[in-house]
Amino acid sequence: MAKLDIERIRLKVYRFDPETDREARIDTHDVPYVDGMTVLDALFHVLEKIDGSLAFRFSCREGICGACAMFINGSYRLACETQVARVLREGHRELHVMPLPHLPVIKDLVVDMTRFWQNYEAIAPWIVTRTADPEKERLQSPAQRKLIDEYVGCILCGSCFSSCPSVWTGREYLGPNAMMKTYRWVVDSRDDAAVERLGRAGNEKGAWRCHTIFNCTEACPKKINQTSAIQGLKRRTVAAMLRGAR
Amino acid sequence: MRGARGVWGWLLQRVTAVGLAVVLTVHLYVLHFAGEHAVLTVADVSVRLRTLTFILVDFGLLAFALYHGLYGLRSVILDYTTRESTVRAVTVGLWALGSIAFVYGALALLLLIKG
């Protein structure tokens with residue numbers, strides 16, 4: 001990426017501590033710009049040099065853990081892999097960093113992901129087998145593996161969950177991530193619990209609540225087509241019912 | 001399949017969507033492009049409705065549109081609650097509303113068919 005001819009960038013950060021603040025506020029900081037700087041780097045500058053009370057999540061710093069998903073200049077992005085230069089080249093003159101929308105704020109950029117994790121746990125996101133363990137490993141052909149390629153790339157950042165209107169209104173809705181992961185296991189050739197999984201997601205609190213508006217797909221920093229997975233889940237649920245699966 | 005609910009309702013919504021695409025196309029074509037009359041009279045419509053094709057198209061349009069629309073309304077309502085008792089009440093209420101509307105629409109069509 002070509003260099004930016006600037007010395008400082010203006011960073012606007014959402015601040016809110018429910019224990020002490022009555023309202024949220026936006027803090028503005030001028031941060032020295034260096035080439036290759038990411039939004040996470042800019043937040044670290046604020047934390048280390050300006051205001052040590054700023055709270056945000058991070059871990060791997062290389063787009064794998066999903067901890068630093070934030071709403072940056074109107075888009076769901078990972079702070080660690082979002083180059084400041086890229087945001088400015090989109091036409092923005094300053095950085096706006098907000099927590100994931102529609103989730104309760106614990107402090108500043110840290111949101112409460114409890115519901116997200118509960119829903120994820122509810123779909124049993126692990127392999128279930130009915131056969132004896134093989135001597136070495138459960139093999140898959142390249143074609144079988146291809147079916148799950150896209151979905152294993154999910155880093156559980158919660159962007160899809162935060163972006164889904166059915167999640168905003170439906171407290172019991174499984175959400176796009178849990179359903180995409182259900183589909184991921186349903187089509188996994190090594191898993192033997194497809195019917196149970198379809199039963200868990202093929203209901204009013206699951207697949208039928210998806211209105212196919214593609215917010216989740218658009219929000220996903222890893223470009224996973226979750227809507228397509230949910231549609232697959234619907235099709236397979238209907239097919240299982242027509243087959244009389246129990 | 002344990003836990004699966006609402007499968008047939010959703011499937012029927014998809015089926016009626018395909019049905020709507022077909023009958024709406026026929027309906028719009030007949031209304032705006034086919035025929036020689038610049039202004040249709042009730043008698044024209046009555047004659048047209050006496051053919052089996054148009055009986056199927058118009059009753060199909062009525063049934064498909066009602067089911068598809070009311071299922072969509074149910075989906076919007078259920079976005080706000082999935083409590084069993086509420087879901088049941090909403091479903092029963094919308095079936096009742098749809099049935100009444102279908103009977104009303106069917107009577108109107110029958111009147112036209114009789115001329």
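Naming: A, B, ... by sequence-line order, numbering from 1 per chain.
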* Going through the distances and angles, do A:Glu204 and B:Arg83 end up as a salt bridge (charged side-chain N to carboxylate O under 4.0 Å, His left out)? -> CA-CA 10 Å; A:Glu204 304 289 8; B:Arg83 210 171 57 187; over 6 Å; no

* Test A:Arg200 against B:Arg2 for side chain to side chain contact (heavy atoms under 4.5 Å, CB included), laying out the working first. => CA-CA 8 Å; A:Arg200 228 175 267 140; B:Arg2 232 173 102 188; over 6 Å; no

* Are A:Tyr173 and B:Asp79 close enough, and set up right, to give a side chain to side chain contact (heavy atoms under 4.5 Å, CB included), and what steps lead you there? -> CA-CA 8 Å; A:Tyr173 177 48; B:Asp79 273 351; over 6 Å; no

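Heavy atoms from other residues, nucleotides or ligands lying under 6.0 Å from CZ of A:Arg190 number more than 12. Annotation for A:Gln231: atom CD counts as buried by contact number, over 12 foreign heavy atoms lying within 6.0 Å. Annotation for A:Glu121: atom CD does not count as buried by contact number, only 12 or fewer foreign heavy atoms lying within 6.0 Å. Other residues, nucleotides and ligands contribute at most 12 non-hydrogen atoms within 6.0 Å of the CD atom of A:Glu19. Annotation for A:Phe214: atom CZ counts as buried by contact number, over 12 foreign heavy atoms lying within 6.0 Å. Atom CZ of A:Arg171 has 12 or fewer heavy atoms from other residues, nucleotides or ligands within 6.0 Å.
Scanning all heavy atoms of the two residues, the minimum distance from B:Ser75 to A:His211 falls at CB-CE1, 3.7 Å.
Atom-to-atom distance recorded for B:Trp8:CH2 and A:Leu242:CG is 4.0 Å, nearest 0.5 angstrom. A distance of 10.5 Å separates CD in B:Gln13 from CH2 in A:Trp208, rounded to the nearest 0.5 Å.
Looking only at side-chain heavy atoms (C-beta outward), A:Lys234 and B:Arg14 come within less than 4.5 Å of each other.
Contacts between A:Arg209 and chain B at a heavy-atom distance below 4.5 Å involve backbone atoms as well as side-chain atoms. Of the two parts of B:Leu11, only the side chain, counted from C-beta on, holds a non-hydrogen atom closer than 4.5 Å to a non-hydrogen atom of chain A.
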